[in-house]
J.: 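If you scroll down you'll find the structure; I have some questions about it.
Below, each value reflects all heavy atoms present in this structure, side chains not excepted, and no hydrogens, waters or symmetry copies. Sequence lines set the chain letters: A, B, ... in the order given, protein chains first and strands last, and positions in each chain run from 1. For clarity, every value in this text was computed on a predicted model and none was experimentally measured.
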Protein chains: 2
Amino acid sequence: MRSDEIIRRLRRSGYKVTPQRVSIIKTLLGSREALTPAALFQKVRLVDPTVGEVTVYRTLNILSELGLVCVVSTAENVNGYIVRPGGHHDHLICSECGKVVDFRNCNVSELEKRLASETGFVIKEHRLDLYGLCPQCA
Amino acid sequence: MRSDEIIRRLRRSGYKVTPQRVSIIKTLLGSREALTPAALFQKVRLVDPTVGEVTVYRTLNILSELGLVCVVSTAENVNGYIVRPGGHHDHLICSECGKVVDFRNCNVSELEKRLASETGFVIKEHRLDLYGLCPQCA
DNA sequence: ATGGTTGCAAAGACTTTGCAGGAGG
DNA sequence: CCTCCTGCAAAGTCTTTGCAACCAT
């Protein structure tokens with residue numbers, strides 16, 4: 001998802017488009033990994049020092065309510081936020097150096113079908129993270 | 001995973017097996033959904049009123065450190081805990097109510113092989129989260 | 001103009017830590 | 001027995017809320 005799409009959705013839902021919100025959205029989009037509110041605040045602050053931590057929280061809550069962002073659990077039992085992926089969101093992550101490679105063609109549609117019939121869930125999207133060692137670290 | 005396995009792992013790691021810890025572990029195992037620390041505390045308390053909330057937190061931290069339990073994000077942006085399924089870490093998550101179902105047989109080993117040869121990564125584990133609507137919310 | 005927004009400070013919620021008494025191995 | 005564990009209370013974090021000034025529309 002691109003920042004202008006998110007901004008349009010905001011405006012369409014009756015929220016005002018302030019420079020602080022734009023900075024927060026762009027920073028979130030610019031990060032590959034999930035950001036905690038505190039981490040996002042620090043990153044935003046480098047670009048736009050007018051943004052306060054409270055506004056980060058408030059903006060994340062709005063984006064979350066609109067379904068534009070989703071919440072994941074980070075390693076330290078803290079909630080992290082990422083922009084909700086368009087189709088999917090599949091990563092190959094090196095446990096040693098932290099490098100992240102994106103890939104498509106994850107081919108879990110068959111699995112999705114099977115689980116849908118077993119559990120009754122309507123499956124809309126997914127996220128697959130594979131962990132291992134990259135060629136340099138192996 | 002069964003409670004006696006978890007208890008054995010605890011003892012083997014040098015932790016003592018107290019009735020409070022046993023109650024907490026059994027309650028966590030008895031719940032199909034992820035429990036927040038507060039929810040787990042309430043459930044445990046019904047079975048064993050000697051368990052304090054602080055002990056719930058401490059036990060969850062130990063289980064998490066040993067990798068016996070994993071953390072998921074619940075609907076209200078609060079961390080929930082579930083016992084980690086055997087090998088991997090696969091979830092089916094309702095975007096509406098936040099319910100989490102874990103499953104096995106995710107069958108990504110073929111994909112892992114293909115990616116390994118394409119990227120040179122040595123793949124060790126993975127995490128697959130599927131998002132959708134549960135039968136109640138659909 | 002005007003209603004939503006912002007930063008600040010304070011309050012509220014969640015989680016961890018210090019301590020004295022108690023229990024597991 | 002000795003060490004780790006427990007509950008309680010207090011401290012420490014994380015997140016939300018009240019308020020006056022401010023800005024997008």
Side-chain angles (χ1 to χ4, degrees), chain A residues 3-4 6-25 27-28 34-66 69 71-81, chain B residues 3-4 6-28 34-66 69 71-81 98:
Chain A
S3 62
D4 51 355
I6 295 178
I7 289 167
R8 210 167 341 132
R9 288 274 301 267
L10 263 188
R11 184 171 284 133
R12 201 143 30 96
S13 304
Y15 293 102
K16 290 185 175 169
V17 177
T18 65
Q20 289 89 346
R21 288 183 178 164
V22 173
S23 297
I24 291 169
I25 290 166
T27 303
L28 200 52
L35 293 174
T36 62
L40 176 54
F41 172 56
Q42 290 199 335
K43 278 198 141 192
V44 173
R45 176 144 270 209
L46 298 176
V47 185
D48 181 349
T50 72
V51 178
E53 189 164 23
V54 179
T55 300
V56 172
Y57 277 104
R58 285 195 272 230
T59 304
L60 285 175
N61 285 343
I62 291 170
L63 294 176
S64 180
E65 211 166 90
L66 296 180
V69 87
V71 190
V72 303
S73 295
T74 65
E76 301 83 16
N77 297 359
V78 179
N79 285 318
Y81 291 78
Chain B
S3 61
D4 50 355
I6 296 178
I7 289 167
R8 213 170 335 135
R9 287 274 300 269
L10 264 187
R11 184 172 283 133
R12 205 151 20 103
S13 302
Y15 293 103
K16 291 185 177 171
V17 176
T18 65
Q20 288 89 348
R21 288 182 177 165
V22 173
S23 297
I24 291 169
I25 291 165
K26 289 197 167 161
T27 302
L28 200 53
L35 293 174
T36 61
L40 177 53
F41 172 55
Q42 291 201 334
K43 278 197 145 196
V44 172
R45 178 145 266 209
L46 297 177
V47 185
D48 181 350
T50 72
V51 178
E53 189 163 22
V54 179
T55 300
V56 171
Y57 277 104
R58 284 195 273 231
T59 303
L60 285 174
N61 284 343
I62 291 170
L63 294 176
S64 179
E65 210 166 89
L66 296 180
V69 88
V71 190
V72 302
S73 295
T74 65
E76 300 83 16
N77 296 1
V78 179
N79 284 318
Y81 292 79

J.: Think B/Arg11 has a side-chain N or O under 4.0 angstrom from the OP1 or OP2 of C/dG25?
T.: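 Yes, because at least one side-chain N or O of B/Arg11 sits under 4.0 Å from OP1 or OP2 of C/dG25.
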J.: B/Leu40 has an atom CG; how far is it from atom P of C/dC14, in whole Å?
T.: 15 Å
J.: Can you tell me how far the CD atom of A/Gln42 sits from the OG1 atom of A/Thr36, to the nearest 0.5 Å?
T.: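 Reported to 0.5 Å precision, the distance equals 8.0 Å.
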J.: For the atom pair CG (B/Asp4) and CZ (B/Arg11), what is the distance rounded to the nearest 0.5 Å?
T.: 11.0 Å
J.: Just N and O in the side chain of B/Tyr57: are any of them under 4.0 Å from OP1 or OP2 of C/dT16?
T.: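 No, because none of the side-chain N or O atoms of B/Tyr57 sits under 4.0 Å from OP1 or OP2 of C/dT16.
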J.: May I have the distance from A/Glu65 (atom CD) to D/dT15 (atom P), rounded to whole angstrom?
T.: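 Going from CD in A/Glu65 over to P in D/dT15 covers 17 Å.
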J.: Would you say A/Ile62 and A/Arg21 make side-chain contact, with heavy atoms under 4.5 Å?
T.: yes
J.: Given atom CZ of B/Arg8 and atom C1' of C/dG24, what is their separation to the nearest angstrom?
T.: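 Nearest whole value for this atom pair: 19 Å.
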J.: Quick check on contacts: within residues 13-24 of chain A, what sits under 4.0 Å from DNA chain D by heavy-atom distance?
T.: A/Lys16, A/Val17, A/Pro19
J.: Using atom CD of A/Glu53 as one end and atom P of D/dT17 as the other, report the distance to the nearest whole Å.
T.: 15 Å
J.: Would you compute the distance between atom CG of B/Leu35 and atom CD1 of B/Ile24 and round it to the nearest 0.5 angstrom?
T.: 11.5 Å
J.: Is there a side-chain contact between B/Asn61 and the phosphate of C/dT15, meaning an N or O under 4.0 Å from OP1 or OP2?
T.: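 Indeed not, no polar side-chain atom of B/Asn61 lies that close.
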J.: Distance check needed: C/dC8 P versus A/Phe41 CZ, whole Å only.
T.: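 Interatomic distance, CZ of A/Phe41 to P of C/dC8: 8 Å.
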J.: Do you know which two heavy atoms are closest between B/Leu28 and B/Tyr81, and how far apart they sit?
T.: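 Scanning both residues completely, I find the closest heavy atoms to be CD1-O, 3.6 Å.
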J.: Using atom CZ of A/Arg58 as one end and atom C1' of D/dT15 as the other, report the distance to the nearest whole Å.
T.: 11 Å
J.: If I take atom CZ in residue A/Arg12 and atom P in nucleotide D/dA24, what distance separates them, rounded to the nearest angstrom?
T.: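 Between P of D/dA24 and CZ of A/Arg12: 22 Å.
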J.: Using side chain to side chain donor-acceptor pair (under 3.5 Å) as the criterion, list what pairs up with B/Ser23, not counting sequence neighbours.
T.: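 Per chain and number, B/Ser23 pairs via side chain to side chain donor-acceptor pair (under 3.5 Å) with B/Asp48.
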J.: Within this structure, what is the OG1-OH distance for the pair A/Thr59 and A/Tyr15, rounded to the nearest 0.5 Å?
T.: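 Between A/Thr59 OG1 and A/Tyr15 OH, I get 10.5 Å after rounding to 0.5 Å.
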J.: Please compare A/Arg45 and A/Ile62 by the position of their nearest nucleotide in DNA chain C and report the one closer to 5'.
T.: A/Ile62
